[in-house]
Amino acid sequence: MGTVQRAPVTGVVLLVALLTVVQGAVGLGAVGWTAGLVASTTGAALLALGLHRTRTTRFGPANVVTLVRATLGQAVAALVAASFAGPDHRALLVSLAAIALALDLVDGRVARQTGSVTALGARFDMETDAFLILVLSIAVGPVVGWWVLAIGFARYALLLAEGVWPWLRVPVGPRPWRKVVAGVQGVTLAFVVSGLVPPLVASALLLVAMGLLAESFGRDVVWLSRRHHALTAYRRASATVPSVQLARTTGG
């Protein structure tokens, strides 16, 4: 339990250590430090809340890998913020993002091989992916236009929608394609950030990635909508049957 309780704080310590190295290598500035620390402390608070709510007693090896990925994403956020206030360190930003994306292939496999797959771990993994995609979309905005934020905010728009339509909160079954699409978003955004392709080609690649994301999200929303309407119809029918039977019994 002690290890579990220390995990969120460990993430903040890792981020500070990483940013210290970045500061010594290329400089970061107050804006970068502030963005990194805000991202890290917010992430630590949310992780601590998740651990408490699920009463997790073991922070398995897969979660450790995801914690490292989250720390790398927060460092990328610091570099992106710093780029708006001074020189951008594109090579370092892309390198850190690439490592985080590569590790995304590791944590799920580790969880399955060690028999440590949990709902919390899956959520931690998903939110780590979403944050990195958001940060990279912000980095790409000045290159192709701010419409690209639609990719970064897609996950958070769904969270807001869940507050309006609770039926969207129902867990959907595992689907490998969903993970592939998330990976495509990150890889495409990181590739565009690298500056290896002209803006027109970059826009085309991002539109394709956005189309895949819309299809993936849309499929889940359609499935949840059909399930919700089917359950609603069933409940209404179930509520009507006793009333009809009662009327027949009493001669009504």
Side-chain angles (χ1 to χ4, degrees), residues 62 66 69-70 72-73 76-77 80 94 97-98 100-109 111-112 117-194 196-233:
T66 307
R69 287 179 49 226
L72 290 168
V76 171
V80 171
V94 173
L101 291 168
L103 287 176
D104 192 22
L105 301 173
V106 176
D107 49 8
R109 183 173 300 177
R112 290 187 293 273
V117 176
T118 63
L120 174 68
R123 181 68 181 269
F124 187 22
D125 176 53
M126 178 174 61
E127 300 302 344
T128 298
D129 288 342
F131 180 73
L132 180 59
I133 290 171
L134 171 61
V135 170
L136 289 175
S137 69
I138 294 173
V140 168
V143 179
V144 300
W146 294 109
W147 58 266
V148 75
L149 290 182
I151 293 177
F153 280 108
R155 165 62 186 159
Y156 303 100
L158 180 60
L159 284 176
L160 290 175
E162 289 176 359
V164 180
W165 299 291
W167 50 267
L168 286 170
R169 300 174 193 164
V170 175
V172 294
R175 184 158 51 87
W177 177 244
R178 193 182 299 118
K179 191 70 174 177
V180 171
V181 170
V184 168
Q185 309 307 307
V187 170
T188 303
L189 287 165
F191 184 57
V192 172
V193 171
S194 71
L196 295 176
V197 292
L200 187 60
V201 175
S203 296
L205 291 174
L206 289 168
L207 284 171
V208 171
M210 185 182 293
L212 293 175
L213 185 63
E215 182 276 335
S216 181
F217 270 81
R219 186 187 303 185
D220 287 343
V221 170
V222 168
W223 184 86
L224 289 169
S225 177
R226 289 175 175 172
R227 177 186 181 277
H228 169 68
H229 289 302
L231 285 175
T232 301

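All values derive from a computational prediction rather than experimental measurement.
For Arg109, the CZ atom counts as loosely surrounded, since its 6.0 Å shell holds 12 or fewer non-hydrogen atoms of other residues, nucleotides or ligands. The environment of CG in Leu160 is crowded: more than 12 heavy-atom neighbours from other residues, nucleotides or ligands sit within 6.0 Å.
Residues satisfying the side chain to side chain contact (heavy atoms under 4.5 Å, CB included) criterion with Leu101, sequence neighbours excluded, are Leu132, Val187, Ala190. Under the rule for a ring-ring contact (aromatic ring centres under 6.0 Å, His included), the partners of His228 that lie at least two apart in sequence or sit in another chain are Trp167. The side chain to side chain contact (heavy atoms under 4.5 Å, CB included) search around Leu105 returns none, not counting sequence neighbours. Residues meeting the side chain to side chain contact (heavy atoms under 4.5 Å, CB included) test with Leu196, sequence neighbours left out: Phe191, Ser194.
A side-chain hydrogen bond (donor to acceptor under 3.5 Å, both in side chains) check over residues 146-165, counting only residues at least two apart or in different chains, returns the pairs Glu127-Arg155. Residue pairs meeting the salt bridge (charged side-chain N to carboxylate O under 4.0 Å, His left out) criterion with at least one member in residues 131-154: none, sequence neighbours excluded. Listed by first and then second residue, the side-chain hydrogen bond (donor to acceptor under 3.5 Å, both in side chains) pairs involving residues 177-186 are Asp104-Lys179, Asp125-Lys179, Asp129-Lys179, Trp177-Glu215, Arg178-Asp220 (not counting sequence neighbours).
Rounded to the nearest 0.5 Å, atoms CZ (Phe153) and CG (Leu158) are 14.5 Å apart. Within the model, atoms OG1 of Thr128 and CD1 of Ile133 stand 11.0 Å from one another, a figure rounded to the nearest 0.5 Å.
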- Evaluate side-chain contact (heavy atoms from CB on, under 4.5 Å) for Leu189 paired with Val148, printing each intermediate quantity in order. CA-CA 9 Å; Leu189 287 165; Val148 75; 4.0 Å; yes
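Nearest heavy-atom pair across Asp107 and Ala62 is O-CB, 3.2 Å. Of all the heavy atoms in Val193 and Ala139, the pair that sits closest is CG2-CB, 4.0 Å. In this structure, Phe131 and Gly73 approach most closely via the heavy-atom pair CE2-O, 3.7 Å. Taking every heavy atom of both residues into account, Gly121 and Thr118 meet most closely at N-OG1, 2.9 Å. When all heavy atoms of Val197 and Ala202 are compared, the closest pair comes out as CG2-CB, 4.0 Å.
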Indicate every side-chain donor-acceptor pair of residues 205-214 with a distance under 3.5 Å to a residue at least two apart or in another chain.
none

